[in-house]
Amino acid sequence: MDDRRAKLASLEAAGGEPWPYRAEPTAHVADVRAAHGDLEAGAETDSHYVLAGRLMLKRGQGKLMFGELTDRSGALQLFVSKAEIGDDGFAVFDSLDLGDWIEVSGTAMQTRKGELSLKVSKARLLAKCIRPLPEKFHGLVDEEQRRGRRYLDLVANRDSLDVFVTRSKAVSAVRRFLEDKGFLEVETPVLQPLYGGAAARPFVTHHNELDQDLYLRIATELYLKRLIVGGLERVFEIGPNFRNEGVSFKHNPEFTMLEWYQAYADYGDTMDLFEELIPHVAQTVTGGTTIEHAELGEIHLAAPWKRITLRDAILADSTREGGVAVDIDTATEDEMRAALHTAGYDPKGDTTRGKLIDALLTKFVEPFIVQPTFLTDYPVELSPFARPHPDNPKVVQRFEAFVAGMEIANAFSEINDPAMQYDRFMAQGDARAAGDDEAEQLDADYIQALEYGMPPTGGLGLGIDRFVMLLTGRASIRDVILFPARRSKS
RNA sequence: GGGAGUGUAGCUCAGUUGGCAGAGCAACGGACUUUUAAUCCGCAGGUCGUGGGUUCGAGCCCCACCGCUCCCA
């Protein structure tokens with residue numbers, strides 16, 4: 001560090017500008033590659049470019065130097081010859097350190113060994129990197145640093161940068177898809193006087209002036225449906241939700257969720273739209289609909305996806321790990337507990353029938369789903385906002401989408417009968433009294449909104465982070481969140 | 001919450017039975033006009049996560065705490 005600071009000082013002393021205000025690159029590295037990728041070895045061109053980026057490698061060769069410049073689009077070799085750049089220019093380049101931001105001008109060429117390069121005629125420092133970068137070959141490996149100082153991870157590990165470029169493109173593709181289908185993007189409150197729309201514990205905060213406790217939202221559901229009451233017909237929101245729970249490879253306390261609501265649609269329409277969205281985004285972002293998963297092999301996202309009722313899935317899969325077959329339509333709670341016990345899981349915290357069914361799903365079904373699958377027709381106890389199925393009053397018109405062992409989406413035909421919704425809230429209140437601290441609390445204002453009339457509506461929530469994990473083949477949610485939650489050092 | 005692993009130079013990692021703190025890369029000085037993690041010669045770099053204990057002597061053994069990773073509830 002001291003050596004690099006000294007270089008800065010000597011540059012200033014020599015009248016140089018160590019921290020220029022602007023640069024004027026005319027192209028990205030990828031543009032040069034696209035235009036000259038097929039040059040023959042030893043060929044030179046008159047095509048002139050100005051590139052800007054970080055100097056990541058430097059190889060001295062006497063009166064010749066090679067460097068590697070990276071920008072967001074990729075890396076390109078710099079060919080720096082004393083004959084071309086002059087004695088002064090050569091000295092300037094020689095004084096650069098790995099990690100320095102630079103601007104270089106020159107022409108495209110192919111070296112004798114066939115490496116596309118920029119033959120540099122001018123180079124200047126844009127900003128000094130005073131601290132040495134992580135090692136050039138191994139990159140930054142330490143997970144604590146990769147996530148705590150993500151900027152270093154992005155500099156040192158190209159594949160990590162690519163993950164976040166993919167994430168951005170995926171979110172953009174989702175937006176365009178929904179806008180093309182006539183959806184409006186809206187923003188609803190993050191700070192809410194009541195929380196609801198999901199089974200989760202909230203973060204609590206306080207508004208001083210109003211002297212009122214507020215919750216960070218766990219879902220956007222109830223506000224978005226108020227907008228359907230208001231007549232916006234098709235709305236969506238992409239933004240952070242907050243759930244006060246543990247962290248795991250698929251949980252971060254702050255995560256990004258897409259929710260959409262569509263008037264005049266039911267859960268079947270919603271399933272069709274979702275089945276169209278996911279392959280479309282995969283195609284747009286990765287150029288295909290097949291994902292190569294490191295552990296699970298090929299995952300095919302193209303429609304149609306497998307569709308199976310939750311009852312049939314549990315009936316078929318509950319014999320895994322030595323369990324006994326469970327039919328959730330007829331099984332008693334004790335039988336469900338027994339099945340979970342035989343699989344080595346103690347359901348002592350699962351106090352309700354709904355929670356037990358959820359445990360059966362989590363234990364026996366979810367981890368084993370690899371290819372995209374819709375589980376449909378959930379028990380009413382688990383789904384306080386979903387409409388009953390007309391053919392079977394024990395279940396509701398709801399589905400969850402699973403892929404690669406994870407739930408990525410949850411959707412249903414929305415309850416629009418205010419009396420029915422009120423009864424569901426009451427049942428949730430009973431569950432809470434029985435010890436379920438994730439049960440919904442009564443939202444009287446939401447009931448009132450429904451009393452003004454909500455058209456038949458289908459809604460869906462998609463976990464954006466998990467979807468990006470799928471698209472990028474990452475096994476941990478912390479690899480697709482730029483700054484994941486971590487314990488701060490005191 | 002429980003279990004296992006891990007923490008040593010800026011980065012990636014060795015460190016034997018408890019006996020002088022090591023390598024590669026980066027940095028610094030030098031050689032080199034076609035390198036590809038360039039190579040070669042030279043030089044320098046440390047509160048061994050933190051605190052305590054055992055010992056003539058601790059990176060190594062013991063205890064507590066902190067961070068991180070994985071598995072389990």
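Predicted, not measured: the structure shown is a model, and the values here were computed from it. By convention in this document, chain letters (A, B, ...) are assigned in the order of the sequence lines, proteins followed by strands, and residues within each chain are numbered from 1.
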*Is any side-chain N or O of Gln145(A) closer than 4.0 Å to OP1 or OP2 of C11(B)?*
yes

For atom [atom1], what is the distance between [N] and [M], given to the nearest Å?
| N | M | atom1 | result |
| --- | --- | --- | --- |
| A58(B) | U50(B) | C1' | 16 Å |
| A37(B) | G49(B) | C1' | 30 Å |
| C43(B) | C25(B) | C1' | 16 Å |
| A64(B) | C56(B) | C1' | 26 Å |
| A14(B) | G52(B) | C1' | 28 Å |
| G46(B) | A23(B) | P | 14 Å |
| G42(B) | G24(B) | P | 11 Å |
| U16(B) | G30(B) | C1' | 37 Å |

Check [Y] with [X], please: is the shortest side-chain N to carboxylate O separation under 4.0 Å?
| X | Y | answer |
| --- | --- | --- |
| Glu381(A) | Arg353(A) | yes |
| Asp97(A) | Lys7(A) | yes |
| Arg54(A) | Asp71(A) | no |
| Glu366(A) | Lys250(A) | yes |
| Asp329(A) | Lys394(A) | no |

For the pair made of [atom1] in [X] and [atom2] in [N], what is the distance, rounded to whole Å?
| X | N | atom1 | atom2 | answer |
| --- | --- | --- | --- | --- |
| Lys58(A) | U34(B) | NZ | C1' | 18 Å |
| Asp97(A) | C28(B) | CG | C1' | 10 Å |
| Tyr151(A) | C11(B) | OH | C1' | 14 Å |
| Met56(A) | C11(B) | CE | C1' | 12 Å |
| Leu55(A) | A26(B) | CG | P | 12 Å |
| Arg149(A) | G10(B) | CZ | P | 11 Å |
| Gln77(A) | U33(B) | CD | P | 17 Å |
| Asp100(A) | A27(B) | CG | P | 10 Å |

What pairs of nitrogen or oxygen atoms, one from the protein and one from nucleotides 69-73 of chain B, lie under 3.5 Å apart?
from   : atom 1 : to        : atom 2 : distance (Å)
U69(B) : OP1    : Arg147(A) : NH1    : 3.0
U69(B) : OP1    : Arg478(A) : NE     : 3.4
C70(B) : OP2    : Arg478(A) : NH2    : 2.9

*5' priority, RNA chain B, between Gln110(A) and Pro134(A) [closest heavy atom]*: Pro134(A)

*Given that Leu140(A) and Gly114(A) both sit by RNA chain B, which one's nearest nucleotide is further toward the 5' end?*
Leu140(A)

*Have a look at Leu133(A) and say if it touches a base, only the backbone sugar-phosphate, or nothing, with a 4.0 Å heavy-atom cut-off.*
nothing

*Ring centres under 6.0 angstrom apart (Phe79(A), Phe66(A))*: yes

*State yes or no: are the ring centers of Tyr267(A) and Tyr378(A) separated by less than 6.0 Å?*
no

[X], nearest nucleotide to its side chain (from [options]):
| X | options | result |
| --- | --- | --- |
| Thr111(A) | G24(B), A26(B), U36(B) | U36(B) |
| Lys7(A) | A26(B), C11(B), C28(B) | C28(B) |
| Ala83(A) | U33(B), U12(B), A26(B) | U33(B) |
| Val141(A) | G10(B), U12(B), U34(B) | U12(B) |
| Arg4(A) | A38(B), A26(B), G24(B) | A26(B) |
| Leu64(A) | U36(B), G24(B), U33(B) | U33(B) |

*asked:* Just to be sure I follow the notation: if a pair is Watson-Crick (purine N1 to pyrimidine N3 plus N6-O4 or O6-N4) or a G-U wobble (N1-O2 and O6-N3), each under 3.5 Å, what dot-bracket string does RNA chain B give, with | for pairs to another strand?
replied: (((((((..((((.....[..))))..((((.......))))......(((((..]....)))))))))))).

Just the atom pairs and distances: protein N or O near nucleotides 39-43 of chain B's N or O, under 3.5 Å.
none

*Please confirm whether the backbone N or O of Ile218(A) pairs with a side-chain atom of Arg243(A), one donor and one acceptor, at under 3.5 Å?*
yes

_Residue pair Gln145(A) / Arg150(A), side-chain donor-acceptor N/O under 3.5 Å_ = no

_Contacts of Phe402(A) that satisfy ring pair (Phe, Tyr, Trp, His ring centres under 6.0 Å) - sequence neighbours left out_ = none

*Counterpart residues, ring pair (Phe, Tyr, Trp, His ring centres under 6.0 Å), relative to His36(A) (two or more places apart)*: Tyr49(A)

*Restricting to pairs with a member in residues 12-39 of chain A, which pass salt bridge (charged side-chain N to carboxylate O under 4.0 Å, His left out), not counting sequence neighbours?*
Arg22(A)-Glu24(A)

*asked:* I'd like to know whether NZ of Lys82(A) has more than 12 heavy-atom contacts from other residues, nucleotides or ligands below 6.0 angstrom.
replied: yes

_Heavy-atom neighbours of Arg158(A) CZ exceed 12 at 6.0 Å_ = yes

